[in-house]
Protein chains: 2
Amino acid sequence: QLRTTTTVATCRDFTEDRLWLNGVEVDAGQPRLQACLREVRRLARKRRGDDAAAPLSLSYKVHVASENNFPTAAGLASSASGYACLVSALARLYSVEGELSEVARRGSGSACRSMLGGFVQWQRGERPDGRDSVAQQLQPETHWPELSVLVLVVSGEKKAVGSTAGMQTSVDTSPLLKYRAEVVVPERMTRMARCIRDRDFETFGQLTMQDSNQFHATCLDTFPPIFYLNDVSQRIIALAHRFNAHHGRTKVGQPLPHGPVVGTVPLSPCPCSQVAYTFDAGPNAVIFMLEDTVDEFVEVVRRSFPPASNGDQFLRGRPVGTAVLPEELVSAVVVDPAPGAIHYILHTKVWGGRGTDPSAPCCPLTHLLSPQPGPGPQLLDDPSQHLLGPDGLPCRSA
Amino acid sequence: QLRTTTTVATCRDFTEDRLWLNGVEVDAGQPRLQACLREVRRLARKRRGDDAAAPLSLSYKVHVASENNFPTAAGLASSASGYACLVSALARLYSVEGELSEVARRGSGSACRSMLGGFVQWQRGERPDGRDSVAQQLQPETHWPELSVLVLVVSGEKKAVGSTAGMQTSVDTSPLLKYRAEVVVPERMTRMARCIRDRDFETFGQLTMQDSNQFHATCLDTFPPIFYLNDVSQRIIALAHRFNAHHGRTKVGQPLPHGPVVGTVPLSPCPCSQVAYTFDAGPNAVIFMLEDTVDEFVEVVRRSFPPASNGDQFLRGRPVGTAVLPEELVSAVVVDPAPGAIHYILHTKVWGGRGTDPSAPCCPLTHLLSPQPGPGPQLLDDPSQHLLGPDGLPCRSA
C-alpha cells in the first residue's frame, strides 16, 4: 500500500524548525508547512485556554521527518498524503482533536480529503477564505467492499497540462464552467452521496460517466481549448458504452433501439451501468465496477487493446481471474481492436483522484467524492518505526 | 459553383402533383413538399383577396422538376438549396413576394438561410410553432470580399453521426446545452453580427473559435457522449493557435507569456486571430481568414500535414499562390508534422455550413450566421434552361 510516514518532535533545545523529506533536509520555512504549523498551534492554544504551565510549550521549534514509499515530484508540496500525515502528527503532538481537514487544506487542497478514509466528500464551502471548504467522511472504508477499480494506462501519453494552470484558464474563459460549478455540481454531489450510501452502482456509474464527460466539456469550452481525452480515450468510452448496452440487452431480454453514438459506433441508451469510466487531466481511464465484473471486463479490454509485446506486464496490481467470453458478447462489444493502445491495466480497490479544489470544480465529481485509499491517518505506536531518534534527528539520515 | 435548378409548372389539365428529382420521378405527396406548396398558396390567396377570377387557379396541380449539380443523399429532403429553390420558383409562379424564408423552413430547417445570399442571420424565434424562426440578410454578398475559407478534409473520415439524432439526444441529456442555448448563444449572435458589420476579423475569429469549441463541448456533455473531433482535428486546432500566437508575437514585438495549452503544446493567449477554425458534425476543419493570409497558411498546412502521395490533388478549389515561410515561423508553428493526416484542402470564398435549427442550437454560431454561397435564388429567364417542357413534363427525363 502507498503511504506516507511522518514523525514530528519538539524540544526547548531545538534552535529552528527543521524538515527532512525522504532523508534529505529541505527548507522548513516554506509557507505551506508554516501555515499548517501555525494553525495547529492556534487550535492548541484555543483548546488549552490560559494554561501557561502546559509542559509542551507551543513556542518550541519542531523537527519533522517525512517519508513516502512512492516517488514524489516535489516533496511535501506535491503530496496530499504528506500534508495529511503532517497535520495528523502535529495534532497528536499538541493534543489537538476534532476536525483537522481544514488545517490540512492549508498545506495542499486535496490533503483535506486524505485526512479521512473510506468515502469522503469534499465540500466546496461558502466562505471566500475557504475555511469551510473541508472534507467529511460519508461512509467508512468497509462500506462498499465490492467496488473495484481498473486504471487503463494509455500508451504514449505525453506530459499533461498542469492542472492548476488549466483550471485558472477555464475559470477565466469558460462560460459553461461557471454554470457547471454553480448549478450542476451541487445537485450531482447530493445524488452521488445518496448512491454511495445505498450502494447503488447503477446510478453511481451513470453519474460518474456524465460528470467526467461534463468536466472534459468545460475543458473544451476553455479558450484556447484543453484536450485531455485522445482517440484512445474515446475508444475506451465507446467500449464501456457497448459493454453496458450489451449487458442491458442481456438483462431486459430484448435489443434496445439504437440511440446516440460515440464516434462512429452506434450505441444503445444505457439502462445498465456495469462499468463506469472517469478521466482525470489526461487520457488514462479510471473504470469503476463491482468485483464480479472485473474478470470479464479485463478480458474484454485485453481483446480490444491486445498487448503490444508478450503482455506479461499488462496486468498489474491485484490479481484478476480468467474469464471465457460468450461469443455474442465478443461480437457485440469487441469491434475494431487497437493493438498496443493500452500500455497496462492496474487493478486496485481505491482511487484517490487528483487533488483539485472544489471551489473551482475543474475536475470530475469522483475527485470530490471518491473512495479513498485505506483507513485514513493511523498512529504508529511502535517506536522502531519513528523517523526521528531521541536526539530529534533522523534515524536514517541521508 | 454548386447549385440547384428548379422549374415549376401548373395547368388545369394536370391530374396530380408530380415531382422529378435529377430526372427521376419520385413521390410528390411527401409532407415537406406539400407543406411548402400549401403555404405558398395560402400566401397567394391572402395576397389576391377574393379575386376569384385569377387566371392561374390555386387549385390546379403542379409539376416540379429539380436538379442539383452536386451529389445528394436523399433528394429534396436532404437539400437546403432544393427547398429554397422550390419555394422561390413557386413564389414566382403564384406571384407571391416578400419574406419567404419562413415558408422554405417548412421544407428544410436550413433552407430558410438559403433564401438569401451574403451574410445571413438565422433567428431562433420565440413562437412554439417556429413561424418566427426565419433568416434575414445582414450584409450583401459583396460586403466582405476579403473573407476566405479553407476546408481541411481529414483523411479516413468515417460516416458521421446523423446531426438530427445527435441533436435530439443533446437536447434531452446535456445540461450545458440548455445553458448555451438560453444564455450564451443570443449574446454571441449579437456580437457576431456586429463583427461582420464592422469587418472586424479579430473578434469574428475569436468568437468563431470559442463557439465551435462550445458546440463540441455540449456534444461531449451529451449522454452517451458524441465525439466529432478526432486527434487530427485537435492537431489543426493547436496549429491554428500556434499560428495566431506567432503572429501576435510578431505584431506586438515581444513574446507573450505562455498560457493555456492544447493537448501537449504550450500556447500563448491569442490577441490576434489570423485564422479561425470551426468544426461541424465531423472532424473536417473550416478555417476562415482574410485573403492575404491564404498563401502563407496553406503552406503551413502543407508543411504540418505533408500530402500522402505526390500531392497533385492536395489543393482544390480557387487558386492559391506560393509562399516562402520565414524560418522563425516554421520553427514556432510547424511542430510534429503528421504526414497524410489531411486528405486535401479546399479553397473557397463561402461556407454554407450545415442545416441546423437554431431553436436547438446544436451547432456552431457560424452555421447560424455565416457567409452564404452566392447571391441567393436567381430567376433563369432563358427558357432553354427550364427543366419542364411546354407539355409540363421533364425535357430530359431519365
Side-chain angles (χ1 to χ4, degrees), chain A residues 157-162 165-166 168-170 172-180 183-184 187-188 206 209-210 212-234 237-238 240-242 244-245 258-270, chain B residues 157-162 165-166 168-170 172-180 183-184 187-188 206 209-210 212-234 237-238 240-242 244-245 258-270:
Chain A
E157 178 183 3
K158 293 177 194 166
K159 193 177 176 305
V161 179
Q168 190 54 50
T169 313
S170 293
D172 292 344
T173 63
S174 167
L176 299 185
L177 176 66
K178 193 174 139 65
Y179 180 75
R180 166 170 166 74
V183 178
V184 181
E187 184 266 338
R188 286 187 175 173
Q206 178 153 340
M209 292 186 276
Q210 286 177 321
S212 172
N213 294 337
Q214 187 172 92
F215 160 63
H216 292 281
T218 62
C219 293
L220 185 46
D221 189 47
T222 299
F223 193 77
I226 301 172
F227 294 98
Y228 292 124
L229 305 179
N230 65 16
D231 283 356
V232 180
S233 317
Q234 293 181 14
I237 289 172
H241 283 288
R242 283 196 305 270
N244 287 339
H258 266 186
V261 300
V262 173
T264 61
V265 185
L267 290 171
S268 298
C270 175
Chain B
E157 181 184 0
K158 293 178 194 165
K159 192 173 177 306
V161 179
Q168 191 53 50
T169 313
S170 292
D172 292 343
T173 63
S174 167
L176 299 185
L177 176 67
K178 190 173 142 64
Y179 180 76
R180 166 169 165 74
V183 178
V184 181
E187 184 266 339
R188 285 187 176 173
Q206 178 155 340
M209 292 186 276
Q210 287 177 321
S212 172
N213 294 337
Q214 189 173 90
F215 160 62
H216 292 281
T218 61
C219 294
L220 185 45
D221 190 47
T222 299
F223 193 77
I226 301 171
F227 294 97
Y228 292 124
L229 305 179
N230 65 17
D231 283 356
V232 180
S233 318
Q234 293 181 14
I237 289 173
H241 283 288
R242 283 197 304 270
N244 288 339
H258 267 189
V261 301
V262 174
T264 61
V265 185
L267 290 171
S268 298
C270 175

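Computed over heavy atoms, backbone and side chain alike; hydrogens, waters and symmetry mates excluded. Letters go in sequence order (proteins before strands), and every chain restarts at 1.
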- Would His241(A) and Phe223(B) satisfy side chain to side chain contact (heavy atoms under 4.5 Å, CB included), going step by step from the backbone distance to the final call? CA-CA 10 Å; His241(A) 283 288; Phe223(B) 193 77; 3.6 Å; yes
- Between chain B and each of Leu229(A), Thr173(A), Asn213(A), count heavy-atom pairs under 4.5 Å; write down the option with the most. Asn213(A)
- Message: With a 6.0 Å cut-off on the ring centroids, do Phe227(A) and His216(B) count as close?
- Response: no
- Query: Between CD of Gln214(A) and OG1 of Thr222(B), what distance do you get to the nearest 0.5 Å?
  - Reply: 10.5 Å
- Which value, rounded to the nearest 0.5 Å, describes the distance between Arg180(B) atom CZ and Tyr179(A) atom OH? 14.5 Å
- Message: Could you check whether any side-chain heavy atom of Gln210(A) comes within less than 4.5 Å of a side-chain heavy atom of Ser174(B), counting everything from C-beta outward?
- Response: no
- Listed by chain and number, what are the side-chain contact (heavy atoms from CB on, under 4.5 Å) partners of Ala217(A), not counting sequence neighbours? Leu176(B), Ala217(B), Leu220(B), Asp221(B)
- Are Pro175(B) and Val183(A) side-chain neighbours, meaning at least one heavy-atom pair lies under 4.5 Å? no
